Amino acid sequence: MEYKYEQTKEFMINEMAKSLTFRQQGMFLLMAIERKFTLYKKYAEGKEWDRTKKLNTFLEDCWDTIINDTKYDYIVERLEFPEDPEDEEKFIYECWENSPSHMIKDYKYTIWIEILSNIVGYLYGMIDQIATISLLIKEDNNNNELRVGVYNFRFLEDYFSCYAPELFERAFEEGEEELFQEHELMCLEFERQKRDIEYLKTEKDLQKIYQKYHFDLQESIINDYYFDIVKKQIPCV
């Protein structure tokens, strides 16, 4: 079966999420990125390149921004195009220097390290989206068009290109996209995002949502079985 974008799980979720308010959109983004962060935490813990504490602070500040309208200068600054391009370069460099692939001495390309480094990039990118959503919340705009990109499905597609490149190639070159559209991990993320949207529509206690998704659930976007497959791959010389 050849999928059109309108048939993909990402498109279906985006259509469902259009009904969310801007504040709910911000929380939906955070709920999804928590699953990537859980994966990072598990495999970074105890390593010399572990930046869990710093990245967790980003997440907590972003939750606080969306729930309580708290102002953090480093988040607000992402709304402004820097007058000096060096400011933007510093932000990009900070993301890079906190990535495992940069911090590991004598690093050789290793797929699982690249995946965790990719998560660090997503967490830094999240700051831009949270800054935009926080501004829209304050403007009290009733036109709640979808303004966040969750990207978990695209993250999984990148993972498939490493975990099962033959599946990835067949999906895009031979039109057999159901091979990864219906993969266990894609289906699981689809069900989780549907659940998240429905939960946001019914649960009005925002602190309860924060407690559940930041502390209690600890769901990983890729389970141990699938991640260990790429973890066993030999680094490239």
Side-chain angles (χ1 to χ4, degrees), residues 5-6 8-37 54-95 98 119-155 189-190 192-215 217 221:
Y5 178 66
E6 291 78 8
T8 63
K9 289 177 170 54
E10 179 180 71
F11 178 82
M12 288 187 279
I13 289 296
N14 285 346
E15 289 297 298
M16 295 177 200
K18 285 180 179 178
S19 61
L20 300 176
T21 66
F22 287 135
R23 195 180 302 276
Q24 288 171 334
Q25 287 183 35
M27 300 190 79
F28 181 49
L29 169 65
L30 290 164
M31 292 155 100
I33 206 161
E34 287 283 0
R35 291 192 278 277
K36 291 199 280 282
F37 185 54
K54 180 170 187 173
L55 299 175
N56 186 66
T57 297
F58 282 172
L59 269 170
E60 291 184 342
D61 290 350
C62 287
W63 279 106
D64 195 22
T65 297
I66 296 301
I67 294 174
N68 302 311
D69 298 320
T70 306
K71 179 178 178 180
Y72 293 91
D73 289 341
Y74 77 94
I75 295 178
V76 174
E77 287 168 2
R78 300 306 301 162
L79 289 169
E80 304 169 0
F81 290 99
E83 295 180 6
D84 187 347
E86 290 185 2
D87 291 342
E88 183 69 12
E89 289 178 9
K90 288 177 183 177
F91 185 80
I92 294 171
Y93 180 76
E94 180 184 338
C95 171
N98 282 292
I119 292 173
V120 174
Y122 275 105
L123 283 159
Y124 271 83
M126 164 195 69
I127 296 172
D128 286 5
Q129 293 201 77
I130 292 297
T132 300
I133 288 294
S134 67
L135 178 63
L136 292 170
I137 291 171
K138 291 174 183 176
E139 289 180 349
D140 195 25
N141 189 332
N142 291 323
N143 181 22
N144 293 330
E145 61 181 305
L146 187 63
R147 296 298 296 269
V148 299
V150 174
Y151 305 127
N152 280 13
F153 296 117
R154 298 180 202 181
F155 175 82
E189 181 60 24
F190 181 64
R192 284 172 168 173
Q193 291 194 30
K194 284 200 301 181
R195 173 205 65 192
D196 296 346
I197 291 170
E198 290 307 310
Y199 184 58
L200 283 167
K201 291 178 180 178
T202 57
E203 180 56 68
K204 304 305 179 185
D205 187 335
L206 304 187
Q207 288 293 338
K208 185 176 179 179
I209 298 173
Y210 165 63
Q211 173 69 34
K212 180 175 182 176
Y213 280 81
H214 189 62
F215 296 103
L217 283 181
I221 190 169

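What you see is a predicted model, and the numbers here were worked out from it, not measured in a lab.
Remark: aromatic rings of Y74 and F58 are close, center separation under 6.0 Å.
The side-chain contact (heavy atoms from CB on, under 4.5 Å) check on S19 picks up K201, with sequence neighbours excluded. Partners of K71 by side-chain contact (heavy atoms from CB on, under 4.5 Å), not counting sequence neighbours, listed by chain and number: D73, V76. By the salt bridge (Lys or Arg N to Asp or Glu O under 4.0 Å) test, K90 is found to be paired with no residue, residues two or more places apart in sequence or in another chain being considered. In terms of the side-chain hydrogen bond (donor to acceptor under 3.5 Å, both in side chains) criterion, Q129 has no residue partners (sequence neighbours excluded). Not a single salt bridge (Lys or Arg N to Asp or Glu O under 4.0 Å) links E34 to another residue, sequence neighbours left out. Looking at residues two or more places apart in sequence or on another chain, you find a side-chain contact (heavy atoms from CB on, under 4.5 Å) between N56 and F37, E60, H214. Among residues two or more places apart in sequence or in another chain, the side-chain hydrogen bond (donor to acceptor under 3.5 Å, both in side chains) test is passed with N14 by Y5. For D64, there are no salt bridge (Lys or Arg N to Asp or Glu O under 4.0 Å) partners at least two apart in sequence or on another chain. A search for salt bridge (Lys or Arg N to Asp or Glu O under 4.0 Å) contacts involving D69 returns R23, not counting sequence neighbours. Residues satisfying the side-chain hydrogen bond (donor to acceptor under 3.5 Å, both in side chains) test with Y93, not counting sequence neighbours, are none.
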Could you list the donor-acceptor pairs under 3.5 angstrom formed by side chains in residues 146-153, with sequence neighbours left out?
residue: N152; atom: OD1; partner: K36; partner atom: NZ; Å: 2.3
residue: N152; atom: ND2; partner: A32; partner atom: O; Å: 3.2
residue: N152; atom: ND2; partner: E189; partner atom: OE2; Å: 2.9

Identify each donor-acceptor pair in which a side-chain atom of residues 206-213 lies under 3.5 Å from a protein atom, sequence neighbours left out, and give them as a table.
residue: Q211; atom: NE2; partner: D216; partner atom: OD1; Å: 3.1
residue: Y213; atom: OH; partner: D196; partner atom: OD1; Å: 2.6

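Taking both residues in full, the closest heavy atoms of C62 and I75 are given as SG-CD1, 4.2 Å, listed atom of the first, atom of the second, then distance.
In this structure, the side chains of F28 and Q24 stay at 4.5 Å or more apart for every pair of heavy atoms.
In this structure a side-chain-to-backbone donor-acceptor pair under 3.5 Å is missing from E77 to Y72.
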